[in-house]
K.L.:
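Pasting in a structure now, in structure tokens, and then I'll have a few things to ask.
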Amino acid sequence: MSEIRYYPIMVDLSGKRCLVVGGGEVACRKVKGLLEAGADDVILISPTLHDELKELERNGRIQVVQRGYIPEDINGANLVFAATNQSQMNANIADEARKLGIWANLADDGAQGSFVTPAVHRQGDLVMALTTSGASPALASRIKQELALAYGDEYAERLSVLRLLRARVLHAGARDGSGGEISPAVRRRLLRLAAEDAEGWKQTAWALREEPDLAAAELERWMESLRMQLL
Ligand SMILES: C[C@@]1(CC(=O)O)C2=NC(=C\c3[nH]c(c(CCC(=O)O)c3CC(=O)O)Cc3[nH]c(c(CC(=O)O)c3CCC(=O)O)/C=C3\N/C(=C\2)[C@@H](CCC(=O)O)[C@]3(C)CC(=O)O)/[C@H]1CCC(=O)O
Ligand SMILES: NC(=O)c1ccc[n+]([C@@H]2O[C@H](COP(=O)([O-])OP(=O)(O)OC[C@H]3O[C@@H](n4cnc5c(N)ncnc54)[C@H](O)[C@@H]3O)[C@@H](O)[C@H]2O)c1
């Protein structure tokens with residue numbers, strides 16, 4: 001086992017400057033992962049550029065500085081990805097980042113960085129991120145594919161309905177079908193039951209998609225049927 005035990009967190013990247021150094025396949029994968037996560041301030045430094053990076057620059061998704069890295073580049077960065085094919089250069093970038101208290105990722109020597117990037121499966125609000133702590137990135141990628149099969153696109157819809165139900169149940173003074181206030185203990189049980197209910201959300205999801213005017217009524221119907229199950 002590696003000596004590093006990683007702590008997973010989910011970071012909101014909006015307004016955070018992400019600096020990617022290198023313009024090859026690996027830098028490109030890191031950039032795409034950042035953009036998928038909503039990063040809006042991605043700067044890439046590299047003398048050569050993968051085609052997809054050129055396209056992302058043309059579309060204004062990232063800023064590119066086409067030259068080799070210089071130490072000043074790191075100023076103002078919140079996260080740094082050192083993904084050049086020069087291991088000494090990657091190590092220097094990581095040293096500078098460490099001195100400045102900036103978090104850095106090293107593509108060629110994960111353990112020397114302050115964080116590693118996980119393999120990620122997304123379906124709407126569902127975000128599954130996993131790591132093998134550097135033991136086998138290829139297995140991380142494989143497990144991600146297995147998760148993608150088990151957690152397909154219905155999970156995006158299921159979560160959008162659960163989010164609505166949760167807001168409705170937690171809404172201050174939420175009432176049940178007969179006008180009684182729902183107690184905090186019952187709310188918790190109701191929300192757990194809703195998460196376990198593999199079918200109940202589907203009617204609301206259908207309404208949201210096809211007949212938005214019916215969605216609120218469908219949500220009430222589902223909540224009421226869950227509440228009846230608690231009695
Ligand atoms: C998960 C993923 C995320 C991403 O990059 O977005 C990711 N690597 C992926 C793929 C992949 N990388 C490599 C192969 C070839 C097979 C192999 O070598 O095993 C494949 C497989 C492929 O290409 O299919 C080579 C490789 N990777 C690292 C080193 C250097 C070293 O060992 O330190 C070398 C040798 C370089 C060389 O040969 O010189 C290092 C790291 N790679 C990590 C993440 C971090 C640990 C994560 C973990 O263990 O879970 C870590 C430590 C640092 C980091 O990059 O953050 C992404 C899958 C994305 C997806 O499919 O969604
Ligand atoms: N973490 C991972 O998932 C993973 C996977 C495969 C490889 N790797 C490692 O990552 C490194 C990069 O892989 P790649 O396939 O993208 O390599 P690559 O050779 O395709 O690209 C390297 C890029 O770095 C740029 N570069 C070189 N010196 C630079 C400098 N001084 N400043 C800025 N940019 C510079 C090059 O111009 C090029 O664009 C490899 O050397 C390998 O060790 C990591």
Side-chain angles (χ1 to χ4, degrees), residues 1-11 13 16-39 42-58 61-98 102-123 126-152:
M1 246 188 7
S2 88
E3 281 171 23
I4 304 173
R5 289 166 63 85
Y6 289 101
Y7 179 67
I9 57 174
M10 300 294 180
V11 184
L13 288 179
K16 298 276 186 293
R17 172 157 296 181
C18 304
L19 179 72
V20 180
V21 188
E25 188 97 26
V26 173
C28 191
R29 191 166 70 228
K30 305 294 186 203
V31 164
K32 287 195 284 186
L34 290 167
L35 294 175
E36 272 163 26
V42 179
I43 301 188
L44 183 129
I45 316 277
S46 176
T48 67
L49 297 174
H50 187 286
D51 284 347
E52 284 186 69
L53 291 171
K54 290 181 191 161
E55 177 78 14
L56 290 169
E57 184 194 21
R58 265 198 302 277
R61 307 285 313 279
I62 62 173
Q63 246 178 283
V64 170
V65 183
Q66 201 163 351
R67 57 157 169 72
Y69 173 85
I70 54 172
E72 289 72 34
D73 289 332
I74 205 168
N75 296 336
N78 295 113
L79 289 181
V80 175
F81 297 80
T84 78
N85 51 0
Q86 310 294 314
S87 59
Q88 191 54 54
M89 174 54 74
N90 291 343
N92 292 345
I93 295 168
D95 283 346
E96 276 167 28
R98 205 171 292 118
I102 299 169
W103 286 10
N105 171 261
L106 264 78
D108 62 327
D109 190 359
Q112 294 308 310
S114 41
F115 67 97
V116 293
T117 47
V120 180
H121 169 58
R122 289 178 182 274
Q123 257 330 324
L126 180 68
V127 186
M128 297 173 128
L130 68 108
T131 188
T132 65
S133 309
S136 172
L139 181 60
S141 181
R142 175 64 199 245
I143 295 172
K144 177 198 80 172
Q145 288 162 26
E146 289 168 13
L147 288 173
L149 291 178
Y151 296 89

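Quick note: residue numbers are just sequence positions, from 1. Both counts, for ligands and for their atoms, begin at 1 and track the order of listing.
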K.L.:
Take Val120 and Val127, measure what side-chain contact (heavy atoms from CB on, under 4.5 Å) needs, and give me the verdict at the end.
P.N.:
CA-CA 7 Å; Val120 180; Val127 186; 4.0 Å; yes
K.L.:
Contacts table for ligand 2: protein N or O within a distance under 3.5 Å of ligand N or O, distances only.
P.N.:
{"from": "ligand 2", "atom 1": "1 (N)", "to": "Ala107", "atom 2": "O", "distance (Å)": "3.1"}
{"from": "ligand 2", "atom 1": "3 (O)", "to": "Arg29", "atom 2": "NH2", "distance (Å)": "2.4"}
{"from": "ligand 2", "atom 1": "16 (O)", "to": "Glu25", "atom 2": "N", "distance (Å)": "3.1"}
{"from": "ligand 2", "atom 1": "16 (O)", "to": "Val26", "atom 2": "N", "distance (Å)": "2.9"}
{"from": "ligand 2", "atom 1": "19 (O)", "to": "Asn85", "atom 2": "ND2", "distance (Å)": "3.0"}
{"from": "ligand 2", "atom 1": "32 (N)", "to": "Tyr69", "atom 2": "N", "distance (Å)": "3.0"}
{"from": "ligand 2", "atom 1": "37 (O)", "to": "Ser46", "atom 2": "OG", "distance (Å)": "3.4"}
{"from": "ligand 2", "atom 1": "37 (O)", "to": "Thr48", "atom 2": "OG1", "distance (Å)": "2.7"}
{"from": "ligand 2", "atom 1": "39 (O)", "to": "Gly23", "atom 2": "N", "distance (Å)": "3.0"}
{"from": "ligand 2", "atom 1": "39 (O)", "to": "Gly24", "atom 2": "N", "distance (Å)": "3.4"}
{"from": "ligand 2", "atom 1": "39 (O)", "to": "Ser46", "atom 2": "OG", "distance (Å)": "3.2"}
{"from": "ligand 2", "atom 1": "39 (O)", "to": "Thr48", "atom 2": "O", "distance (Å)": "3.3"}
{"from": "ligand 2", "atom 1": "39 (O)", "to": "Thr48", "atom 2": "OG1", "distance (Å)": "2.8"}

K.L.:
If we ignore hydrogens and angles and just use 3.5 Å, is the side chain of Glu57 paired with the main-chain N or O of Gln63 as donor and acceptor?
P.N.:
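Pair absent, no side-chain N/O of Glu57 close to backbone of Gln63.
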K.L.:
Is there a side-chain contact (heavy atoms from CB on, under 4.5 Å) between Leu35 and Val42? Walk through the geometry before answering.
P.N.:
CA-CA 8 Å; Leu35 294 175; Val42 179; 4.1 Å; yes
K.L.:
When you look for protein heavy atoms under 4.0 Å from ligand 1, which residues do they belong to?
P.N.:
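Residue list for ligand 1: Arg29, Lys30, Asn105, Leu106, Ala107, Asp108, Asp109, Gly110, Val116, Thr117, Pro118, Ala119, Thr131, Thr132, Ser133, Gly134, Ala135, Pro137, Ala138, Ala140, Ser141, Lys144.
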K.L.:
Whether the side chain of Ser114 engages the backbone of Ala104 through a donor-acceptor N/O pair (distance < 3.5 Å, no angle test) should be reported.
P.N.:
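Answer holds: yes.
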K.L.:
For Arg58, is there an ion pair with Glu55 - N to carboxylate O distance below 4.0 angstrom?
P.N.:
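Looking at Glu55 and Arg58, the cut-off is met.
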K.L.:
Quick one: list whatever passes ring pair (Phe, Tyr, Trp, His ring centres under 6.0 Å) with Tyr69, sequence neighbours left out.
P.N.:
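Residues passing ring pair (Phe, Tyr, Trp, His ring centres under 6.0 Å) with Tyr69: none at all.
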K.L.:
Taking salt bridge (charged side-chain N to carboxylate O under 4.0 Å, His left out) as the definition, give me every residue that meets it alongside Glu146, ordered by chain and number, with sequence neighbours left out.
P.N.:
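Only Arg142 meet the salt bridge (charged side-chain N to carboxylate O under 4.0 Å, His left out) criterion with Glu146.
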K.L.:
Given Phe115, which partner from the list Tyr6, Tyr7, Phe81 fulfils the ring pair (Phe, Tyr, Trp, His ring centres under 6.0 Å) test?
P.N.:
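Only one of Tyr6, Tyr7, Phe81 forms a ring pair (Phe, Tyr, Trp, His ring centres under 6.0 Å) with Phe115, namely Phe81.
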K.L.:
Under 3.5 Å, side chain of Ser133 to main-chain N/O of Ala135, donor-acceptor pair present?
P.N.:
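Looks like no, no N/O pair under 3.5 Å.
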